[in-house]
Amino acid sequence: MEGVAQEASSLAGHLKLGKLIILYDSNEISLDGNTSLSFTENVEEKYKSLGWEVFTVEDGNDVQAIEKVLIEAKKNDNKPSLIIVKTEIGYGSPNKGGKSSSHGSPLGKNEIELVKKNYKWEHEPFFVDNRVRKHFEDYIAINEQKEKIWLEVFKQYQLQYPEEYNQLTDILAQPIDIEKSTLPIFEENTYISTREASEKVLNAFAKSNISVIGGSADLSSSNKTYLHEQGDFNPTNYGGQNLHFGVREFAMGSILNGLSLYGGLKPYGATFLVFSDYMRPAIRLSALMNQPVTYIYSHDSIHYGEDGPTHQPIEHIPSLRLIPNLVVFRPADANETVEVYKTAFSQMNRPSAIILSRQDLPVITNPEGLYQNVKRGGYVFRFESKKEIDFIIIATGSEVYLADKVRSLLSNEGYSIRIVSMPSLELFNEQDSYYKESIIPSGVRQRIIIELAAPYGWDSVKGEKGINIGIDSFAASAPGDVLVEEFGFTEKAVAQKIKTYLNQTMKELSI
């Protein structure tokens, strides 16, 4: 019934995935009662219309019938197969068999005794029949022999195809070689959106790493995730590295998990940031299963503009940061984007979410040359002008450039300001106390967080006296620069907010 299954089934039929075989337990029961309460569609006809081959086994206890159909399904290389197996839930239970009461709760001691009586099972709990033991022992012996044959085949493959063998073992051990890729270097004082910078970086990685595979939920031309020289994955070319997921965000995330679990691949998927909500369960499972999937999200803020509040993410960045074991990145410019990809693609046991701008951003002059510290989550982007720091501005994404302009304004008024770029709050929080103290000294309590998102989740670096300058309401439909003006995210408006905050804290100290 769930939408993600329909999304995935539709794509599988389109791609003619003949090796995919699904056994569907059709017992006509859901937790609340019979499936007829909410489900009357013809599953067989639906799956045929999706391009599947469909079989039906009338008796789910007939193992030979199921095996016969499985053998038949394996013969079809051009269509995925659905095997509808008719069963009775709670089979053998006199009072709960075929009823929803056996779905979500234990049978109970008395009913278990009745089931055992039905099955003529007179043994104590946890008894294992010797016939079962022998079956598994035989199965182990059969598969040990199969493994010996396989290892011999693999050995012959190594001798006959040494180059391909080395390539295969390399990508199985570590799907992507960071050092093998020739990555772009972006010239300072030029302008490029981080989504466009991402496209160049992603293509550079894919060109030298065949394990990079992925695509977008029908938005590759907009979030710039198409691999231009790597071909499309389709029924006539299963060697392509571009997957066209269609408008199927949830299935996309689920498929990425499957590719990652299979091993030897570095999967990525992309859509607009606001649509990350559609695929949240898949992202959560990536994190739960320790899978290094890369999620790419463009159109990161109200800079999106005219499409209006339905497409302008507000709460999505802090919401993603709430997912345990997910690393969220928001690069400030093109060169930070390079370092973000290097760091994200180095993750082996957790997923990453890379959040990118639609609007052009300057490639910021960074005389400190500390881009390499992107991998540590945060670093000093601009050092203070005097020995004493009056306050620290901590920013992410496009707001780092905004912070830099605010610094220029307030430096003219005598303030000594440090700017910290924080592309990944999660990675920064993992650093040792010495590093964190060197970036955000504990003695400087005046700290300002600037991020065009709901102002939550920054307590670990904001401290007790710091403030968040964010956006905690839906925006509107207007050009991005108009919205920025209206919502107070120009350098003058932000500078005034900071001065008001500083005056207030000075009053509190004097009290």
CA sep, side-chain torsions, deciding dist, call: F275, H311, ring pair (Phe, Tyr, Trp, His ring centres under 6.0 Å): CA-CA 8 Å; F275 299 148; H311 284 56; 5.4 Å; yes
Which of these passes side chain to side chain contact (heavy atoms under 4.5 Å, CB included) with I176: I210, I171, V212? V212
Assess the residue pair S260 and Q291 against the criterion (side-chain hydrogen bond (donor to acceptor under 3.5 Å, both in side chains)); give the C-alpha distance rounded to whole Å, side-chain angles, the decisive distance to 0.1 Å, and a yes or no. CA-CA 6 Å; S260 181; Q291 293 305 305; 2.7 Å; yes
Close aromatic pair by centroid cut-off 6.0 Å: H244 and F233: no
For the CD1 atom on I185, are there more than 12 heavy atoms of other groups (residues, nucleotides or ligands in this structure) within a distance under 6.0 Å? no
Side chain to side chain, L361 and I192, heavy atoms closer than 4.5 Å: no
L202 side chain reached by I296 side chain, heavy atoms, under 4.5 Å: yes
CD (E7) and CD1 (I255) are apart, to the nearest 0.5 Å, by 8.5 Å
Applying ring-ring contact (aromatic ring centres under 6.0 Å, His included), which residue pairs with at least one partner in residues 406-454 are found, sequence neighbours left out? F391-Y415
Working for side-chain hydrogen bond (donor to acceptor under 3.5 Å, both in side chains), residues S181 and S208: CA-CA 6 Å; S181 304; S208 53; 2.8 Å; yes
Can you name the ring-ring contact (aromatic ring centres under 6.0 Å, His included) partners of Y341, sequence neighbours left out? F345
OG1 of T396 to CE of M422, rounded to nearest 0.5 Å, is 9.5 Å
For the ring pair Y161 and Y165, is the centre-to-centre distance below 6.0 Å? no
State which residue, out of N209, L265, L227, fulfils the side chain to side chain contact (heavy atoms under 4.5 Å, CB included) condition with Q241. L227
Could you tell me whether R284 atom CZ has more than 12 heavy atoms of other residues or ligands within 6.0 Å of it? no
Under-4.0 Å salt bridge between R350 and E430: yes
Is there a side-chain hydrogen bond (donor to acceptor under 3.5 Å, both in side chains) between S319 and R280? Walk through the geometry before answering. CA-CA 10 Å; S319 178; R280 190 175 183 83; 2.8 Å; yes
Are Y47 and Y24, when compared by the centres of their aromatic rings, separated by less than 6.0 Å? no
Please determine, by modelled atom types, if Q312 and S301 share a side-chain donor-acceptor pair under 3.5 angstrom. no
Side-chain donor/acceptor pairs under 3.5 Å, residues 455-463, sequence neighbours excluded:
unit_1, atom_1, unit_2, atom_2, d
W458, NE1, E451, OE1, 3.3
S460, OG, N429, OD1, 3.1
S460, OG, N429, ND2, 3.3

Could you check whether S286 and Y295, counting side-chain N and O atoms only, form a donor-acceptor pair closer than 3.5 Å? yes
Show which side-chain atoms of residues 397-405 pair as donor or acceptor with protein atoms under 3.5 Å away, not counting sequence neighbours.
unit_1, atom_1, unit_2, atom_2, d
E399, OE1, R330, NH1, 2.5
E399, OE1, R330, NH2, 2.9
E399, OE1, L452, N, 3.0
E399, OE2, R330, NH2, 3.4
D404, OD1, R382, NE, 3.2
D404, OD2, R382, NH2, 3.2

What pairs meet the salt bridge (charged side-chain N to carboxylate O under 4.0 Å, His left out) rule with one or both residues in residues 233-246, with sequence neighbours excluded? none
Contact check, side chains of M1 and S38, non-hydrogen atoms, under 4.5 Å: yes
Pair D232, N237: side-chain N/O donor-acceptor within cut-off below 3.5 Å: no
Using modelled atom types only, decide if a donor and an acceptor are shared between the side chain of N257 and the backbone of A282 within a distance under 3.5 Å. yes
Do F245 and T271 come within less than 4.5 Å of each other through their side chains, counting heavy atoms only? no
Please output the side-chain donor-acceptor pairs of residues 473-491 that fall under 3.5 Å, not counting sequence neighbours, one pair per line with the distance.
unit_1, atom_1, unit_2, atom_2, d
S477, OG, E306, O, 2.5
T490, OG1, A493, N, 3.2

Is it true that H299 and N223 share a donor-acceptor pair across their side chains at a distance under 3.5 Å? no
Pair E196, S193 - check side-chain hydrogen bond (donor to acceptor under 3.5 Å, both in side chains), show working. CA-CA 5 Å; E196 291 173 293; S193 66; 2.9 Å; yes
With distance as the sole criterion, is a donor-acceptor pair present between the side chains of S10 and R248 under 3.5 Å? yes
